[in-house]
Undergrad: 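Mind looking over this structure? Questions follow.
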Number of protein chains: 2
Amino acid sequence: MEADNPDLSTAFAEQIERHRFPPGYRKVFLAAIEAFAERGFHATSTRDIAARAGMSPAALYVHFQSKEDVLYRIAVSALELTRDMVLATTEGIDGPTGRLRATVRALTTWHAVHHAAATVVLHELAALTPDHRAEVLRLRRSVDRLVSGPIAAGVRAGEFAVADVGAATLAVLSLCVDTARWYRPGQRRSAREIAESHAETALRIVGAAVR
Amino acid sequence: MEADNPDLSTAFAEQIERHRFPPGYRKVFLAAIEAFAERGFHATSTRDIAARAGMSPAALYVHFQSKEDVLYRIAVSALELTRDMVLATTEGIDGPTGRLRATVRALTTWHAVHHAAATVVLHELAALTPDHRAEVLRLRRSVDRLVSGPIAAGVRAGEFAVADVGAATLAVLSLCVDTARWYRPGQRRSAREIAESHAETALRIVGAAVR
DNA sequence: GTCTATACAGGGATAGAC
DNA sequence: GTCTATCCCTGTATAGAC
């Protein structure tokens with residue numbers, strides 16, 4: 001979870017602290033995120049998670065009901081943090097152009113820095129129980145609305161030239177979330193540079209008048 | 001694998017026929033793609049694949065060395081078909097704008113119609129042996145070049161306004177491939193409509209002068 | 001070339017001591 | 001609350017008949 005943006009790279013850990021997880025809990029969380037992202041939920045054994053967290057397999061079951069429960073709690077925490085982080089970052093910014101730019105910047109940075117957690121949220125949810133999956137997908141839609149909101153506002157204000165708000169939202173979201181698929185630390189561009197580039201690209205996608 | 005574009009929906013099956021796979025082979029292929037995409041490689045058992053293909057688990061091993069071999073051959077076939085399909089579709093089209101439009105249209109349609117196969121190629125490659133993975137990633141880069149080529153040509157010709165060709169390529173590719181994550185048949189827009197929309201969005205991303 | 005039956009390994013979850 | 005030991009199921013792959 002190391003990264004080139006200290007503020008965001010530590011945010012997930014802070015969120016975990018804030019929820020006052022018991023000792024030993026946090027390292028299980030981080031170990032499982034790494035393992036699920038690298039190898040997938042089903043390829044990851046409870047022994048893998050326990051070993052990475054420096055404990056015995058049985059100790060996991062003191063804090064978690066099952067392996068699925070680990071995935072579920074990771075997904076909920078990650079999405080709640082994503083939502084809260086975007087809300088905090090865009091607070092006080094007026095105007096659709098500024099809000100969209102800030103939102104895309106924040107979402108892209110998050111998906112780069114926390115690409116492991118993002119991969120889990122984007123591609124490992126099939127392993128959840130139906131109830132848990134429905135809840136997590138509701139959370140994911142609340143993140144989607146953070147993008148569709150500014151786009152719709154920009155269309156209403158005449159700042160954006162968009163024929164289909166839903167289509168534009170999906171396009172901008174694809175840009176942000178696919179970052180988690182290809183970004184790795186140490187590549188040509190830093191997470192910050194990519195976020196800046198994505199923000200300008202998003203404004204092109206929505207046909208922003210003012211640049 | 002049913003879809004709203006008959007030409008592309010049957011293309012993968014035709015490719016398989018063209019390679020003259022033995023009888024029984026093709027249905028294993030299609031069964032495994034569905035299962036890997038729905039549940040992931042590791043969550044899919046050889047019993048699952050065999051059942052979906054209407055045969056015994058042991059019969060799989062007549063045609064495939066291992067479960068990893070099934071994944072490997074699926075990935076190679078799918079990527080070769082993607083590449084050949086784009087090349088065939090854009091053949092004879094002159095000018096970067098027209099070529100990029102046709103390429104994005106073809107790639108988007110493919111990732112919508114064959115979203116199961118695309119998901120496997122995009123997110124299940126970690127289960128491959130290192131040699132197989134390297135070979136498949138080479139194939140994937142050859143598909144990437146089908147996008148970067150027209151963008152670079154458009155910049156040289158003065159048709160596109162792009163500061164960083166690599167960044168623009170990644171953005172356009174994100175648009176195309178992420179379709180496989182969210183598109184499902186029967187949604188509001190057809191694969192054809194999404195492809196058309198993505199083609200125009202791609203031209204916005206590269207700042208195409210002529211529209 | 002397909003079947004049934006099975007060898008063998010690995011993993012989820014629990015028991016019970018400390 | 002953590003450990004070691006273990007139950008028991010599932011899954012890959014193979015053996016051998018037809």
Side-chain angles (χ1 to χ4, degrees), chain A residues 16-17 19-75 120 124-133, chain B residues 16-17 19-75 120 124-133:
Chain A
I16 289 166
E17 302 298 348
H19 281 199
R20 295 169 193 272
F21 291 151
Y25 195 105
R26 178 176 171 273
K27 60 186 180 189
V28 172
F29 230 82
L30 296 177
I33 287 172
E34 294 288 338
F36 290 164
E38 276 175 29
R39 309 162 43 80
F41 175 81
H42 291 284
T44 301
S45 68
T46 52
R47 288 174 172 86
D48 286 342
I49 300 171
R52 287 189 196 230
M55 59 181 61
S56 73
L60 284 182
Y61 290 88
V62 175
H63 302 296
F64 298 90
Q65 278 191 350
S66 65
K67 196 173 79 161
E68 188 268 352
D69 185 40
V70 177
L71 175 62
Y72 166 65
R73 294 210 229 164
I74 284 173
V120 172
E124 298 295 327
L125 303 187
L128 292 174
T129 64
D131 282 0
H132 284 168
R133 184 163 53 251
Chain B
I16 289 166
E17 302 298 349
H19 280 199
R20 294 169 194 271
F21 290 150
Y25 195 106
R26 177 175 172 273
K27 59 186 179 188
V28 171
F29 230 81
L30 297 177
I33 288 171
E34 294 288 338
F36 290 164
E38 275 174 30
R39 309 161 44 79
F41 176 81
H42 291 284
T44 301
S45 68
T46 52
R47 287 177 173 90
D48 286 342
I49 301 171
R52 287 188 197 230
M55 60 179 62
S56 74
L60 284 182
Y61 291 86
V62 176
H63 302 296
F64 298 91
Q65 278 192 351
S66 66
K67 196 172 81 160
E68 188 268 351
D69 186 40
V70 177
L71 175 63
Y72 166 65
R73 294 210 230 166
I74 284 173
V120 172
E124 299 294 330
L125 303 187
L128 292 174
T129 64
D131 282 1
H132 284 168
R133 185 162 54 251

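Chain letters run A, B, ... following the sequence lines, proteins first, then strands; residues in each count from 1.
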Undergrad: Taking atom CD of B:Gln65 as the centre, does the number of heavy atoms from other residues, nucleotides or ligands within less than 6.0 Å exceed 12?
TA: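 At most 12 heavy atoms, drawn from other residues, nucleotides or ligands, come within 6.0 Å of this atom.
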Undergrad: Look at the rings of B:His132 and B:Tyr72 and say which category their plane angle falls in: under 30° parallel, 30 to 60° tilted, over 60° perpendicular.
TA: parallel
Undergrad: Name the nucleic acid region contacted by B:Ala58, choosing base, sugar-phosphate or nothing; use a 4.0 angstrom heavy-atom cut-off, strictly under.
TA: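 Base, at least one base atom sits under 4.0 Å.
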Undergrad: Distance check needed: D:dT10 P versus A:Lys67 NZ, whole Å only.
TA: 15 Å
Undergrad: Would you mind reading off the distance between B:Phe36 atom CZ and D:dG11 atom C1', rounded to a whole angstrom?
TA: 13 Å
Undergrad: Classify B:Ser45 by what it touches in the nucleic acid, base, sugar-phosphate, or nothing, heavy-atom distance under 4.0 Å.
TA: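 Sugar-phosphate, backbone atoms only, no base.
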Undergrad: Just how far, in rounded Å, is C1' of C:dG1 from CZ of B:Phe64?
TA: 14 Å
Undergrad: Where each residue is assigned the nucleotide of DNA chain D containing its nearest heavy atom, which of B:Thr44 and A:Ser56 is assigned the position nearer the 5′ end?
TA: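 Looking at the nearest nucleotide for each, A:Ser56 comes out on the 5' side.
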Undergrad: Return no unless some side-chain N or O of A:Thr46 is found under 4.0 Å from OP1 or OP2 of C:dG11.
TA: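 Answer is no, no contact under 4.0 Å.
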Undergrad: Could you tell me how far apart B:His42 (NE2) and C:dG12 (P) are, to the nearest whole angstrom?
TA: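 Interatomic distance, NE2 of B:His42 to P of C:dG12: 12 Å.
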Undergrad: How many whole angstroms separate atom CG of B:Asp69 from atom P of D:dT12?
TA: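 It is 14 Å, rounded to the nearest whole Å.
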Undergrad: Please confirm whether any donor atom in the side chain of A:Arg47 sits under 3.5 Å from an acceptor in the base of C:dG10, or the reverse.
TA: no
Undergrad: Say whether, by atom type as modelled, one donor and one acceptor occur between the side chain of B:Lys27 and the main chain of B:Met55 under 3.5 angstrom.
TA: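 Flag not set: sc B:Lys27 to bb B:Met55 has no pair under 3.5 Å.
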Undergrad: Would B:Arg52 and B:Asp48 pass as an ion pair if we require N to O under 4.0 Å?
TA: no
Undergrad: At their closest point, which heavy atom of B:Thr44 faces which heavy atom of B:Gly40, and how far apart are they?
TA: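 Minimum heavy-atom contact is OG1-O, 2.7 Å.
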Undergrad: Could you check how far CG of B:Leu60 sits from P of D:dA13, rounded to whole Å?
TA: 10 Å
Undergrad: Which nucleotide in the set D:dT2, D:dG11, D:dA13 lies at the smallest distance from any side-chain heavy atom of A:His63?
TA: D:dT2
Undergrad: Closest approach to the side chain of A:Tyr61, judged atom by atom: which nucleotide of C:dC3, D:dT14, C:dA13 is it?
TA: C:dA13
Undergrad: Could you check how far CE of A:Met55 sits from C1' of D:dG1, rounded to whole Å?
TA: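 In whole Å, D:dG1 C1' lies 10 Å from A:Met55 CE.
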Undergrad: In whole angstrom, give the distance that lies between atom CD of A:Glu68 and atom P of C:dA13.
TA: 9 Å
